[in-house]
Structure formats: C-alpha cells, structure tokens
Amino acid sequence: EDARPLGFGYVLGAQAAWQPMSTQQRLGWSARWSAVFGTMYGAESARINGELLTLKMDFLVGLRLRPAANPSRYLTARVGGGLYRANQVIPPEMQRAFIGPVASVGLDQYFSGWLLNVDVRYGLIGPGPTELGLVIGISKTGP
C-alpha cells in the first residue's frame with residue numbers, strides 16, 4: 001500500500017557491525033547499525049515536488065548461526081529499533097519522522113578477508129511507512 005504514495009527510487013547507505021565470534025563457535029551474537037539515504041521519484045506523498053528524500057537508521061541485535069562445518073558462512077536473525085525521516089510529510093499520518101521496531105534475517109559469507117552480507121529487513125513494524133527491503137553489503141573484515 002505504501003509503494004504507490006512513496007514512489008520508486010534508489011537507496012545508498014553504510015553499516016557497521018560488531019560480531020564477537022570465533023570460527024570455532026557455532027552460535028554467537030552481533031550488533032549492527034546502519035544508515036540509508038534514499039531518493040524516491042514520482043512520490044505522490046511529496047507535497048513540494050516529485051522527489052521524496054529519506055533517511056532510515058536502525059540498530060539491530062541478534063544471533064548468528066553457522067549451519068555447517070564451513071566457518072565462512074553464517075545465518076543471521078536480528079531485531080531492534082529504527083528511525084525513518086523524510087524531507088516532507090507522509091500521509092496518512094502527515095508526519096516527517098517515525099520510530100518503530102525493525103527485524104531482519106540474512107546470510108553472512110566471508111571470502112579472502114571480505115564479508116558479503118545479504119539481509120531481508122522489515123520495518124517499521126506498526127507505525128509509519130512499512131517497507132520490506134533487500135540490503136546487500138560488502139565490507140572489509142577486521143583482525
């Protein structure tokens with residue numbers, strides 16, 4: 001229902017994670033923060049012009065599970081809170097900022113000192129504009 005009023009566009013962002021887990025552990029935990037900037041074109045909810053500029057920040061904590069003996073692949077499940085902010089009011093609530101819960105499930109794959117992660121995130125659960133998104137990240141891993 002929100003896809004039509006918010007329009008379609010692109011999002012770019014950054015994320016940081018702390019995942020204190022050795023390769024010998026099968027189950028561990030993680031904390032992840034992300035900030036995503038978006039531009040939506042043809043947004044019916046945009047009152048000033050046809051572009052809706054957004055910022056979505058979230059902080060999630062959760063579990064990481066290594067499903068097999070391979071220490072380079074992990075399944076993830078996280079929950080937390082998120083903030084969604086727009087440059088213009090979004091109907092029907094007619095607000096610019098929303099706060100609510102966020103959940104994600106995903107896959108972490110390590111290769112040659114790099115980490116590829118793919119998450120499916122759902123949020124804001126409840127109030128405000130709800131979205132289902134596929135988040136793909138590539139990062140350099142620490143020692």
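It should be emphasised that the depicted structure is a prediction, and the values quoted were computed from it without experimental measurement.
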Thr141 side chain to Gly113 backbone, donor-acceptor under 3.5 Å: yes
Whether the Asn87 and Glu51 side chains hold a donor-acceptor pair (N or O, under 3.5 Å, no angle test) is what I'd like checked. no
Side-chain donor-acceptor contact under 3.5 Å, Ser30 with Arg78: yes
Of all heavy-atom pairs between [X] and [Y], which one has the smallest distance, and what is that distance?
X	Y	result
Val11	Met40	CG1-CE, 4.2 Å
Gly80	Leu60	N-CD2, 3.4 Å
Pro20	Gln25	O-OE1, 4.0 Å
Leu124	Gly82	CD2-O, 3.6 Å

Do the rings of Trp18 and Trp29 sit parallel, tilted or perpendicular, given the 30° and 60° boundaries? perpendicular
The criterion is side chain to side chain contact (heavy atoms under 4.5 Å, CB included); which residues satisfy it with Leu134, sequence neighbours excluded? Val118, Val120, Ile136
Among all residues two or more places apart in sequence or in another chain, which pass the side chain to side chain contact (heavy atoms under 4.5 Å, CB included) test with Ala14? none
Show which residues join Tyr74 in its hydrophobic cluster (side-chain heavy-atom contacts under 4.5 Å, direct or indirect), or state none. Met21, Tyr110, Leu115
Could you see if Trp33 belongs to whatever hydrophobic cluster contains Leu55? Use Ile, Leu, Val, Met, Phe, Trp, Tyr and a side-chain cutoff under 4.5 Å. yes
Do Val135 and Leu116 sit in the same hydrophobic cluster, where Ile, Leu, Val, Met, Phe, Trp and Tyr count as joined when their side-chain heavy atoms come under 4.5 Å apart? no
Nearest 0.5 Å, what's the CZ-CD distance between Arg85 and Gln95? 11.0 Å
Reported CG-to-CZ distance for the pair Leu83 and Phe98, which is rounded to 0.5 angstrom: 10.5 Å
Within a strict 4.5 Å, meaning less than it, do heavy atoms of the [X] and [Y] side chains meet?
X	Y	value
Gln15	Asn117	yes
Phe37	Leu12	no
Thr39	Tyr10	yes

Quick one: salt bridge (charged side-chain N to carboxylate O under 4.0 Å, His left out) pairs with a partner in residues 12-22, sequence neighbours left out? none
Please list all pairs passing the salt bridge (charged side-chain N to carboxylate O under 4.0 Å, His left out) test where one or both residues lie in residues 15-33, with sequence neighbours left out. Arg32-Asp119
Can you give each donor-acceptor pair under 3.5 Å made by side-chain atoms of residues 102-109, sequence neighbours left out, with the distance rounded to 0.1 Å?
| unit_1 | atom_1 | unit_2 | atom_2 | d |
| --- | --- | --- | --- | --- |
| Asp108 | OD2 | Arg64 | NE | 3.3 |
| Asp108 | OD2 | Arg64 | NH2 | 3.3 |
| Gln109 | OE1 | Arg73 | NE | 2.6 |
| Gln109 | OE1 | Arg73 | NH2 | 3.0 |
| Gln109 | NE2 | Ser72 | O | 3.3 |
| Gln109 | NE2 | Ser72 | OG | 3.2 |

Sidechain N-carboxylate O distance under 4.0 Å for Arg121, Glu131: no
